[in-house]
Amino acid sequence: MHFAKKVVTGVAAATAMLASATAMADYPAKPIKIMVGFSAGGGTDTTARGFASYMHEAPSMNGMPAFIVNLPGASGQKAAKAVLDEDADGYTLYMINIGTFIAGELAKGDDRPYHIPEAFVNLGCASQLVTSLQVHTSNGATNVEEFVANAKASGKEITWGTSGAATMHATIGHIFFDTHGIPHKKVPFKGGSKARAALVSQSVEAVFGGVNTVVGFEDDIRALASAGAERDPMAPDLMTFKEQGTEGIDFTGLMCLFGPAGIPEEVQTDVGAAIAHIADLKGYKRYMGKNDLASFYTDAAAATAAQDTMFDVMGPVVAEIIANQ
């Protein structure tokens with residue numbers, strides 16, 4: 001009887017393993033949900049929607065589509081935590097730029113809800129987000145030098161908006177104002193599109209947001225500088241902060257797809273292959289170009305290495321910002 005029970009248990013386990021292997025071999029067998037932690041219309045949402053629209057064309061996706069779920073809040077952390085509440089089966093993924101993902105975690109200090117390298121797997125990236133300083137076109141400043149001079153001459157606190165309290169854009173905004181000794185007040189919004197709307201309505205005096213968010217709003221918004229070691233290839237005429245004398249803002253955020261830790265290796269391979277395929281599609285490149293976003297592929301290993309570097313670069317900066325608050 002005991003032997004018989006062992007045989008039955010063994011058969012059941014083997015059957016379960018076979019079923020699991022079959023399920024992985026068939027992945028995906030249903031549409032994939034991509035969570036976005038910001039409202040519609042910003043850089044993350046724009047990239048995610050463009051990416052998702054081509055998901056079914058990737059050979060490794062079995063013709064299955066992807067759809068977007070926006071869950072704004074806590075600089076993207078609300079959506080990130082929602083992803084961790086789902087099964088690690090590859091059917092719920094998370095898209096965000098690694099700069100904002102890391103800034104959000106670091107800003108929480110010891111109260112962080114997760115540690116990205118332990119809780120998530122970076123599956124690869126298909127774009128990047130580049131931060132810019134933006135003002136309303138009624139503002140007299142046409143470059144960083146003029147903006148700084150006008151801000152100091154006004155003798156008042158500068159109110160500026162951004163896509164969230166603890167995003168890459170917010171971190172860069174703090175660095176900028178603190179470097180130039182300008183009194184400032186941050187106004188966080190739930191997404192880049194809402195920060196842009198505040199600038200258009202002149203509810204804030206400046207915005208630190210993605211270069212892409214200016215597209216279509218050139219009559220109302222003027223970008224004065226972009227972050228990064230080099231000029232954004234999608235905005236080659238826009239000088240960097242460094243070119244205009246502001247150091248320490250030479251990083252950008254790779255836009256990556258993440259899955260929760262424990263996601264099967266087979267699924268990681270299939271999703272990674274899909275990212276590589278989509279990033280090279282003419283349609284995706286055309287879509288991204290129209291939105292002033294670059295299209296390029298970064299594999300999981302390189303993306304994870306960049307992620308580690310970002311922790312080293314942003315850690316001291318965010319710690320200083322927290323200490324001075």
Side-chain angles (χ1 to χ4, degrees), residues 16 19-21 23-24 26-40 42-49 51-52 55 61-62 64-126 129 163-168 170 188-192 194 253-272 274-275 300 303-304 307 310-311 318:
S20 176
M24 288 303 100
D26 292 339
Y27 174 86
K30 61 180 181 180
I32 296 167
K33 177 169 61 180
I34 299 178
M35 301 289 294
V36 172
F38 300 93
S39 55
T44 305
D45 177 76
T46 298
T47 302
R49 289 183 186 278
F51 181 86
M55 198 80 163
M61 289 294 103
N62 296 336
M64 286 294 164
F67 62 97
I68 301 300
V69 174
N70 295 86
L71 187 59
S75 301
Q77 293 179 61
K78 187 175 181 180
K81 286 189 282 188
V83 172
L84 295 179
D85 288 338
E86 300 282 348
D87 293 334
D89 56 8
Y91 288 102
T92 302
L93 303 175
Y94 182 51
M95 179 168 277
I96 191 170
N97 83 75
I98 59 175
T100 288
F101 207 8
I102 292 169
E105 178 192 323
L106 293 173
K108 289 289 186 180
D110 293 337
D111 295 328
R112 64 187 183 187
Y114 46 72
H115 182 39
I116 296 166
E118 297 172 357
F120 290 90
V121 177
N122 193 322
L123 302 169
C125 317
L129 205 57
S163 56
T167 63
M168 178 182 70
F189 295 91
K190 291 184 177 180
K194 296 186 183 301
L254 287 171
M255 191 69 76
C256 310
L257 204 57
F258 293 83
I263 189 170
E265 290 187 7
E266 296 87 345
V267 174
Q268 295 181 38
T269 300
D270 285 345
V271 175
I275 296 171
T304 302
Q307 180 179 299
M310 289 288 279
F311 266 105
V318 175

Check [X] against [Y] and note the closest heavy-atom contact, atom names and distance.
X    : Y    : answer
S39  : G191 : OG-CA, 3.6 Å
A52  : I68  : CB-CD1, 3.9 Å
G164 : P188 : C-CB, 3.6 Å
A261 : E118 : CB-O, 3.4 Å
A165 : A170 : O-CB, 3.6 Å
C125 : L254 : SG-CB, 3.9 Å

Does any N or O in the side chain of [X] come within less than 3.5 Å of the main-chain N or O of [Y], such that one atom is a donor and the other an acceptor?
X    : Y    : result
Q77  : G104 : yes
N62  : M64  : no
E105 : I116 : yes
N70  : F38  : yes
Y91  : A29  : yes
Y27  : D270 : no

Does the side chain of M61 come within less than 4.5 Å of I32's, by heavy atoms?
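I32 vs M61: side chains touch.
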Please tell me if the side chains of P260 and E86 come closer than 4.5 Å, counting only heavy atoms from C-beta onward.
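No, their side chains stay 4.5 Å or more apart.
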Rounded to the nearest 0.5 Å, how far does [atom2] of [Y] lie from [atom1] of [X]?
X    : Y    : atom1 : atom2 : result
K33  : F67  : NZ    : CZ    : 6.0 Å
T269 : E265 : OG1   : CD    : 7.0 Å
T44  : I96  : OG1   : CD1   : 6.0 Å
K190 : S163 : NZ    : OG    : 13.0 Å
T47  : M255 : OG1   : CE    : 4.0 Å
L123 : L257 : CG    : CG    : 5.5 Å

Under the criterion side chain to side chain contact (heavy atoms under 4.5 Å, CB included), I'd like the reasoning laid out for M35 against L71: C-alpha separation, chi angles, the key distance, then a yes or no.
CA-CA 7 Å; M35 301 289 294; L71 187 59; 3.9 Å; yes
Using ring pair (Phe, Tyr, Trp, His ring centres under 6.0 Å) as the criterion, point out the one residue from F311, F120, F101 that pairs with H115.
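Only one of F311, F120, F101 forms a ring pair (Phe, Tyr, Trp, His ring centres under 6.0 Å) with H115, namely F311.
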Can you spot which of D89, L93, T92 makes a side-chain contact (heavy atoms from CB on, under 4.5 Å) with I263?
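Filter result, single survivor: L93.
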Worked check of side chain to side chain contact (heavy atoms under 4.5 Å, CB included) between I98 and N122:
CA-CA 9 Å; I98 59 175; N122 193 322; 4.0 Å; yes
